[in-house]
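First the structure, in the form of structure tokens, and then the observations on it.
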Amino acid sequence: MRSGGGKEVCVTGASGFIASWIVKFLLEGGYTVRGTVRDPSNLKKVEHLLKLEGAKERLQLFKADLLDEGSFESAVNGCDAVFHTASPVLLGPAELIDPAVKGTLNVLNSCAKSPSVKRVVFTSSVAAVIHNGRPKTPEVVVDETWFSNPDFCRELEMWYMLSKTLAEDAAWKFVNENNIDMIVINPAMVAGPLLQPDINESVKPILNLINGNCKKFPNRRIGWVNVKDVAKAHILAYEIASASGRYCLVERVIHASELARILRDLYPTLQIPDKYV
């Protein structure tokens, strides 16, 4: 990664799992960072950001909410790039889809109004790539040309997958109409060390195996990628001028039984399940 050289960038949802690592690496690279959070005065949510090296000199937190129209404008205006990572991870369809789609358009609208913004890096997911009913046999390669089908997601009530699919689709339509340079990052299941104090959804499958909440592991294969690699990929997507389109980030795909085996090898005293559903 290059030296920030005093450039100013914005990270939405800055206190989140991936976003916190993006903020950390940006500060280490010499960038000045504007981070948006719902409540900058909530120390429990933001203290880990304030303690990062360089934060005192080059991190400023802004109050912004995905559904509060125009709330991102002050944070975005004057920035060279915007990393839009803020996205809800809830359970029901209504709670997920509105903030994901409207929030994305809210942020992008602020970017369109700011002449300083040269590139937007948007955090999507392989959830917006792979759910379309197409066969995934060993000879099939899933790549960045795949898009999840909203009707397929609705039919199977995969609301998180639907929210990511609709949000990315809305983002592409908006940037194409408004001539915004956008790169999309589509990571698989993200694991790795947490900077924030709260447990996030993507590490729960591992936590459930460790703490005994899951008596049997699921009979499925999942793609995994390290959170540090995901954060660095976001920054490289901004720094490398030739970057374009979408990038799927998957370190490897493993069956849940292999995940359980890895955990048993690492932590032999824990009662990791040995049967799958």
Side-chain angles (χ1 to χ4, degrees), residues 1-66 71-87 89 107 110-111 114 116-123 183 185 187 189-204 206-207 224-241 243 247 249 251 266:
M1 294 182 290
R2 299 170 191 167
S3 169
K7 282 185 179 175
E8 202 153 356
V9 296
C10 176
V11 180
T12 70
S15 61
F17 181 37
I18 296 170
S20 294
W21 280 101
I22 295 174
V23 171
K24 176 179 168 64
F25 290 143
L26 285 168
L27 289 172
E28 288 176 359
Y31 288 96
T32 295
V33 181
R34 298 182 184 183
T36 73
V37 291
R38 282 199 293 263
D39 182 5
S41 66
N42 185 343
L43 270 183
K44 189 191 172 203
K45 295 281 189 183
V46 303
E47 193 172 21
H48 68 284
L49 296 174
L50 300 176
K51 288 180 175 177
L52 293 172
E53 186 180 340
K56 192 174 180 182
E57 301 80 18
R58 289 178 283 106
L59 174 63
Q60 186 178 2
L61 296 180
F62 288 74
K63 179 181 175 63
D65 189 283
L66 288 171
S71 66
F72 290 88
E73 286 182 16
S74 59
V76 165
N77 193 33
C79 286
D80 196 66
V82 174
F83 299 87
H84 178 42
T85 71
S87 182
V89 188
V107 171
S110 296
C111 295
S114 175
S116 66
V117 175
K118 296 183 177 63
R119 177 167 281 181
V120 175
V121 182
F122 174 60
T123 312
I183 311 294
I185 305 294
M189 191 74 85
V190 183
L194 283 68
L195 293 175
Q196 84 282 6
D198 297 325
I199 298 297
N200 56 293
E201 290 297 317
S202 66
V203 300
K204 277 187 180 176
I206 296 175
L207 184 64
W224 293 89
V225 63
N226 189 285
V227 65
K228 295 181 185 180
D229 293 331
V230 176
K232 288 175 182 175
H234 278 75
I235 298 169
L236 289 171
Y238 158 53
E239 291 180 341
I240 298 173
Y247 292 90
L249 306 184
E251 184 182 332
L266 287 171

List the residues meeting side chain to side chain contact (heavy atoms under 4.5 Å, CB included) with [X], not counting sequence neighbours, and say none if there are none.
| X | answer |
| --- | --- |
| E28 | K24, F25 |
| A191 | I206, W224 |
| I199 | L194, V203, K204, L207 |

Please list, one pair per line, the donor and acceptor atoms closer than 3.5 Å that link side chains of residues 74-83 to other protein atoms, with sequence neighbours excluded.
| residue | atom | partner | partner atom | Å |
| --- | --- | --- | --- | --- |
| N77 | OD1 | S114 | OG | 3.4 |
| D80 | OD1 | K118 | NZ | 2.8 |
| D80 | OD2 | Y238 | OH | 2.5 |

List for me each residue that meets side chain to side chain donor-acceptor pair (under 3.5 Å) alongside S20, sequence neighbours excluded, and say none if there are none.
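S20 satisfies side chain to side chain donor-acceptor pair (under 3.5 Å) with H48 once adjacent residues are dropped.
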List for me each residue that meets side chain to side chain donor-acceptor pair (under 3.5 Å) alongside T123, sequence neighbours excluded, and say none if there are none.
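Once residues adjacent in sequence are excluded, the partners of T123 under the side chain to side chain donor-acceptor pair (under 3.5 Å) criterion are H234.
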Just verifying a value: how many Å separate [X] [atom1] and [Y] [atom2], rounded to the nearest 0.5 Å?
| X | Y | atom1 | atom2 | answer |
| --- | --- | --- | --- | --- |
| D65 | T12 | CG | OG1 | 11.5 Å |
| L236 | I185 | CG | CD1 | 9.0 Å |
| L61 | L50 | CG | CG | 5.5 Å |
| L52 | L195 | CG | CG | 6.5 Å |
| L27 | I22 | CG | CD1 | 12.0 Å |

Between W21 (side chain) and P193 (backbone), is there a donor-acceptor pair under 3.5 Å?
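Here the side-chain-to-backbone pair exists.
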Quick one: list whatever passes ring-ring contact (aromatic ring centres under 6.0 Å, His included) with F122, sequence neighbours left out.
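Counting only residues at least two positions away or on another chain, F122 forms a ring-ring contact (aromatic ring centres under 6.0 Å, His included) with H84.
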For [X], what residues pass the salt bridge (Lys or Arg N to Asp or Glu O under 4.0 Å) criterion, not counting sequence neighbours?
| X | value |
| --- | --- |
| R58 | none |
| K63 | none |
| E251 | none |
| K228 | none |

Provide the full list of salt bridge (Lys or Arg N to Asp or Glu O under 4.0 Å) pairs with a residue in residues 29-54, sequence neighbours left out, each pair given once.
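Every salt bridge (Lys or Arg N to Asp or Glu O under 4.0 Å) pair that includes a residue of residues 29-54, provided the two are not neighbours, is E8-R34, K44-D198, K45-D198, E47-K51.
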Apply side-chain contact (heavy atoms from CB on, under 4.5 Å) to residues S15 and Q196 and explain how you reach the verdict.
CA-CA 7 Å; S15 61; Q196 84 282 6; 5.8 Å; no
